[in-house]
Amino acid sequence: MSLLSIENLSLSIHGAPILRDVSMQIEPGRILGVIGESGSGKSMTAFAAMQLLPDGSVCDGRIELNGQEVLDLGEQDLCRMRGRDVGMVFQEPMTALNPIRTIGDQVAETILIHEKVSRGAAMERAAEALRRAELPQDRFPLSRYPFELSGGQRQRVVIAMAIALRPKLLIADEPTTALDVTTQAQILDLLKRLVAEDGMGLMLISHDLAVVADLADDIVIMRKGEVVESGPADSLFRTMQHPYSKALLAASTHAPDREGAPQDVPLLQVQDVVRDYTVHMRGWWGKTTTFQAVKGVSFEIRKGESLGLVGESGCGKSTLTRAILGLEEVQGGSILLDGQPVFTGHHANRDIRRRMQVVFQDPYGSFNPRWKVGRLIAEPYHLLEQPPAGRAKARAIAEALESVGLQSEDQHKYIHEFSGGQRQRIAIARALIIKPELIILDEAVSALDVSVRAQVLDLLADLGDRFGLTYLFISHDLSVVRNVTDRVLVMKAGEIVEQGETKAVFDAPQHEYTKQLIEAAPVLPADVA
Amino acid sequence: MLRYFLKRLLSLALSLVVASLVIFLALEVVPGDPAAYMLGINAQEDTLAVLRDQLGLNGTVVERYFAWAGGMLRGDFGISYTYRTPVAEMIGERLWISLPLALYALVLSTLIAFPAGIWAASKRGSAADVTVMGVTQLGVAIPNFWFAMLMVLVFAINLRWFSAGGFVGWDAGFAAALKSLTLPAVALALPQASILARVMRSSLLDTLSEDYIRTARAKGLSRGQALWRHALRNALIPVLTIIGMQFSFLLAGAIIIENVFFLPGLGRLVFQSISARDLIVVESVVMLLVFAVIVVNFAVDMAYAVVDPRLRTRR
């Protein structure tokens, strides 16, 4: 008998169908990977198993947990089930914990809610759960608050909360998506160990095929609320039949065709750049020290080249980006575009500034929602002395939209009318409109689904060839960087620790840190990738 | 925590100094000759000289500021020009009505707003929510003096439960004094409670949609438990801010209500002394109100720190 057995589950929310005929099984001690893009219904399946659905949800079918029919349970019984029989871990560790209560308190709450034990006893067991999640008491006492912990540590607290009562089933919804690759590897190891120790079943939800392939015993692939394919992990990737599964696999390992070799002329020259921040320290009148976010970084990008910059959060890559864009003044070194300084005096050099543009990670957050797309795209025109007006401007907007695969009529719409991938295309159109030479892509494809990501990468490669663009490609996703860049820089704690041809760096990393990064990144089995 | 406290205390002291400078400059230096202002255009030169002497206007601006500020520190606010009595005494008397009235109204407002806001948020979209939102909309829209007159009609004139106005004084006993403040306090509290209830509701709805509420539900907490244990304290920060602002307003903003109920409070004192051009009283009362606002803000800052551990350790 399966631990969790979902059969022909259908779900609608306020009449809109969300899930159709979803079936899956999890056995004790095994890991089921659920793969799908956004909107595929993978999270909703998990929430249905917990019966933590939004108002207006109607479920149909069977969800059997440990021999008990979940859909027949009343709210009280469900509360008894949640946390005791099923634990859950979420995507966003930064916001999953109550910011104003201690971690001990929050872990102990799981125990106190379900068992009649004293607070002291619950606290002791909370300490034990935290220890099992690899947060030892000597370094992470129960009295810590979430804001005193890093993202990975917070995720461990959430895991400790979920496993405190040794539930039979653990549901992890994108548990490592928001984390750096080395932290991701540690958290995945932890989950794997807990499953083995407790004989727990684990439902691991992810959009990342490689993460799931690394860990899962069985895999379910979902699309638009339906299961398209399922089977054992070690054979599924080879035997899968459904066109969507194949497309998904192809997209996640997609390497766009790039033509044209970079010229041997430097476009951007970064020399010994230092960026300090003033930090207020503890003490009476706020004694200040400086924190060096970028410590003497030097590199060059050649014309037409695609350069990757990888590093984990806090390594200084965003700070460096802002400095290159002339958004912040540097404390040392120089940044030259085509031989001219980005910063002159204390002001950004506008003549230089208009020759580079940036595309950010969050396509939605970087647009003013009250402006129409035409106006949004034309925004960089303020960098020009004599921006085109009237028909010339309209023609330029239409051209920019068409070059990213959208229609010129789209300029009359608002940004909320577009999907995530389309928004990122609009962001690229905005960057293109003043015909820059350098485009900085700051995690520009990180928030996109794999199939959309593949399309955007193709688009970027195509535009690069057509317009002779130079790219600085900043990402934490090593597989993408590997596929789209000529050379790569590895940054750690404000310094470039390794640089070289992308293929050479990935095949034979020299620096210890680069080795760790590549080691930690999950990969698909060699014969399918 | 101690560092946070001391820093806030320092900022409180600095704010007071800056405020006193602004008030002094605005009322005593900028208008030119305060004595001429107080006596009007037809004043005789010798009466002006006498008044200048009384007001201590003969020193330099710096001397005058220190004399004024130093006097206040000792509790000496000067002598009212129109009433010829020490300002400190006048303010003291009025404060014994205005302060309890403000506190009374604030307590009422909180007692109404918290349950109403929490109830509405916990039953979002239900009839209860719609009712609370509708009633509070009215409460915000209708001026408090209209409530006041309505209550006088119903409770004082028709039902005769309360007197229509005046204050019996604290000598008449706590219960009697409180009773004579009840109608004005209710009139003041209703609009404030409406605002506060709406802030409470929306703040609580915001926190209820936070990820950590979902985490709490996944642990096995019911909706209600998640609200009380995780959402409420997090929702308090904006509510505390509004409470702080309301208290400052209640202390001085009760002029109309004080007039409707014939209460000799601070609001009426300001009003009367402005009409009588009694600068000394105006200056002192304004300073006192500024003091109250700053102290209340300090208290609110301290309350933030109690609610939110991040404020205790950071900065």
Side-chain angles (χ1 to χ4, degrees), chain A residues 46-47 50-52 54-56 75-102 105-115 143-148 154 157-158 161-162 164-165 167 170-171 173 280 282-286, chain B residues 1-11 14 121-126 129 203-240 303-315:
Chain A
F47 285 120
M50 292 288 268
Q51 285 295 298
L52 275 178
D55 291 334
E75 184 55 31
Q76 272 197 341
D77 291 323
L78 285 170
C79 282
R80 267 198 285 278
M81 174 197 88
R82 294 181 199 125
R84 191 190 64 187
D85 301 330
V86 195
M88 191 154 181
V89 178
F90 305 93
Q91 172 167 1
E92 232 350 296
M94 299 313 272
T95 53
L97 293 168
N98 187 338
I100 60 173
R101 291 180 55 184
T102 63
D105 201 23
Q106 296 191 55
V107 177
E109 190 177 36
T110 309
I111 298 154
L112 286 167
I113 270 281
H114 292 285
E115 290 179 17
S143 57
R144 284 289 182 93
Y145 284 98
F147 70 89
E148 298 171 302
R154 290 186 206 194
V157 176
V158 178
M161 249 156 58
L165 291 171
L170 183 65
I171 299 177
D173 186 3
H280 292 267
R282 288 176 171 277
W284 253 103
W285 298 99
Chain B
M1 182 71 191
L2 182 70
R3 222 166 67 87
Y4 177 79
F5 174 80
L6 290 172
K7 269 196 159 175
R8 295 288 126 181
L9 204 62
L10 186 71
S11 116
L14 285 176
S122 66
K123 300 196 184 310
R124 182 184 196 173
S126 69
D129 186 19
S203 174
L204 202 51
L205 284 179
D206 281 347
T207 36
L208 280 173
S209 65
E210 292 282 352
D211 286 352
Y212 53 78
I213 299 299
R214 190 183 57 187
T215 311
R217 296 271 288 137
K219 278 193 229 178
L221 274 74
S222 68
R223 267 171 209 272
Q225 285 171 323
L227 186 150
W228 286 102
R229 297 190 192 183
H230 291 277
L232 196 56
R233 221 173 100 187
N234 276 296
L236 276 183
I237 292 263
V239 175
L240 286 173
Y304 287 162
V306 170
V307 171
D308 194 333
R310 285 169 291 188
L311 291 173
R312 276 176 246 157
T313 38
R314 265 205 301 234
R315 278 193 242 184

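Protein chains get the first letters and strands the later ones, always in sequence-line order, with residue 1 at the start of each.
Remark: A/R154 does not engage B/D211 in a salt bridge, criterion side-chain N to carboxylate O under 4.0 Å.
Environment of CD in A/Q76: sparse, with no more than 12 heavy atoms of neighbouring residues, nucleotides or ligands closer than 6.0 Å.
Considering only heavy-atom pairs separated by less than 4.5 Å from chain A, the leading option among B/A216, B/A231, B/A218, B/S222 is B/A218. When the candidates A/M94, A/H114, A/M88, A/R84 are compared by the number of heavy-atom contacts under 4.5 Å with chain B, A/H114 comes out ahead.
For A/R101 (side chain) and B/R229 (main-chain N/O), a donor-acceptor pair under 3.5 Å exists by modelled atom type. Between the side chain of B/T215 and the backbone N or O of A/A96, at least one donor-acceptor pair lies under 3.5 Å.
For A/S143, the side chain to side chain contact (heavy atoms under 4.5 Å, CB included) partners at least two apart in sequence or on another chain are A/P141.
When every heavy atom of B/R223 is checked against every heavy atom of A/D55, the shortest pair comes out as NH2-OD1, 3.4 Å. In terms of heavy atoms, A/I100 sits closest to B/D308 at CG2-OD1, 3.6 Å. Minimum heavy-atom separation, B/L221 to A/E109: CD2-OE2, 3.4 Å. B/K219 and A/M161 get closest at one heavy-atom pair: CE-CE, 3.5 Å.
Neither the backbone nor the side chain of A/Q51 has a heavy atom closer than 4.5 Å to any heavy atom of chain B. Of the atoms belonging to A/V86, it is backbone heavy atoms, and not side-chain ones, that fall under 4.5 Å from chain B. Contacts between A/L97 and chain B at a heavy-atom distance below 4.5 Å involve the backbone alone (N, CA, C, O). For a residue to count as touching a neighbouring chain, one of its non-hydrogen atoms must lie under 4.5 Å from one of that chain's; by this rule A/P99 touches chain B with backbone and side chain alike.
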